[in-house]
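In what follows, a structure is listed as structure tokens, so that the remarks can point back to it.
All ligand and atom numbering here is 1-based and tracks the order in the structure. Counting from 1, the numbers follow the sequence of the chain as shown.
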Amino acid sequence: MKLIIINGPNLNLLGKREPEVYGSQTFEDYLYILMKEYQTKKIELEYFQSNGEGELIDKIHEVGFSYDGIILNAGAYTHTSIAIADAISAITTPVIEVHISNVHKRESFRHHSYLSPNVEGIIIGFGLKGYKLAIESFL
Ligand code: DQA
């Protein structure tokens, strides 16, 4: 099974960025643990991060007709990007939307997601563990 985690803007700063909201672990450290855990379960897990909307859309197009699942945290583009929502609608690979923080406990502009109507499921507020829960949902 081929899965990819796609992280959007500012998620490259996990570990340094607002640790009280997003925790103090870097994504690379967390990913290393995830990859070790799932490599024995015949899962090919890839990772892509970009701060650019167009690059995220290009990656969704690239993997979206051949991979078995996309785990997408589009960061702030979640709340602004009709273009990423359209990219999700355009592909055949199922997408799980993940948010590390509970966006509904935060500012009201984070309560709306353009992506949610187009995804299979949403995992919100469980910290980095949300990515693992998303992988489990594909198994
Ligand atoms: C986030 C929540 C978004 O509102 C924010 O812009 C992010 C991260 C999360 O994982 O909690 O960058 O997607």
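Arg110 NH1, 3.3 Å is the protein heavy atom nearest to atom 5 (C) of ligand 1. Shortest contact from atom 8 (C) of ligand 1 to any protein heavy atom: Tyr22 OH, 3.4 Å.
Ring-plane geometry between His79 and Phe109 is classed as perpendicular, the angle between the planes exceeding 60 degrees on a 0 to 90 degree scale with a lower cut at 30.
No side-chain donor from either of Thr78 and Glu97 sits under 3.5 Å from a side-chain acceptor of the other.
Although no hydrogens or angles enter the test, the distance criterion places no donor-acceptor pair under 3.5 Å between the side chain of Tyr47 and the main chain of Leu31.
Considering backbone and side-chain N/O atoms, His99 comes within less than 3.5 Å of an N/O atom of ligand 1. For the pair Ile100 and ligand 1, the shortest N or O to N or O distance falls below 3.5 Å. Polar contact check, Ala76 against ligand 1: a nitrogen or oxygen pair lies under 3.5 Å apart.
At a threshold of 4.5 Å between non-hydrogen side-chain atoms, the residues Glu37 and Ile135 do not count as touching. Residues Lys2 and Glu46 form a side-chain contact, since some pair of their non-hydrogen atoms from C-beta on lies under 4.5 Å apart. The side-chain heavy atoms of Gln25 and Ile33, taken from C-beta on, include a pair separated by under 4.5 Å.
To the nearest 0.5 angstrom, Glu120 atom CD is 7.5 Å from Phe138 atom CZ. The distance from atom OH of Tyr67 to atom CD1 of Ile91, rounded to the nearest 0.5 Å, is 12.0 Å.
For the pair Asn73 and ligand 1, a heavy-atom separation below 4.0 Å is found. Within the structure, the closest approach of Glu18 to ligand 1 does not fall below 4.0 Å when heavy atoms are considered.
Checking Ser101, Gly127, Gly130 against atom 11 (O) of ligand 1, the nearest heavy atom belongs to Ser101.
Near His79, with a cut-off below 4.0 Å to any heavy atom, the atoms of ligand 1 are 3 (C), 4 (O). When each atom of ligand 1 is checked for a heavy atom of Arg17 under 4.0 Å away, the hits are 7 (C), 12 (O).
Only the side chain of Val103 comes within 4.0 Å of ligand 1, counting heavy atoms alone; its backbone N, CA, C and O stay farther away.
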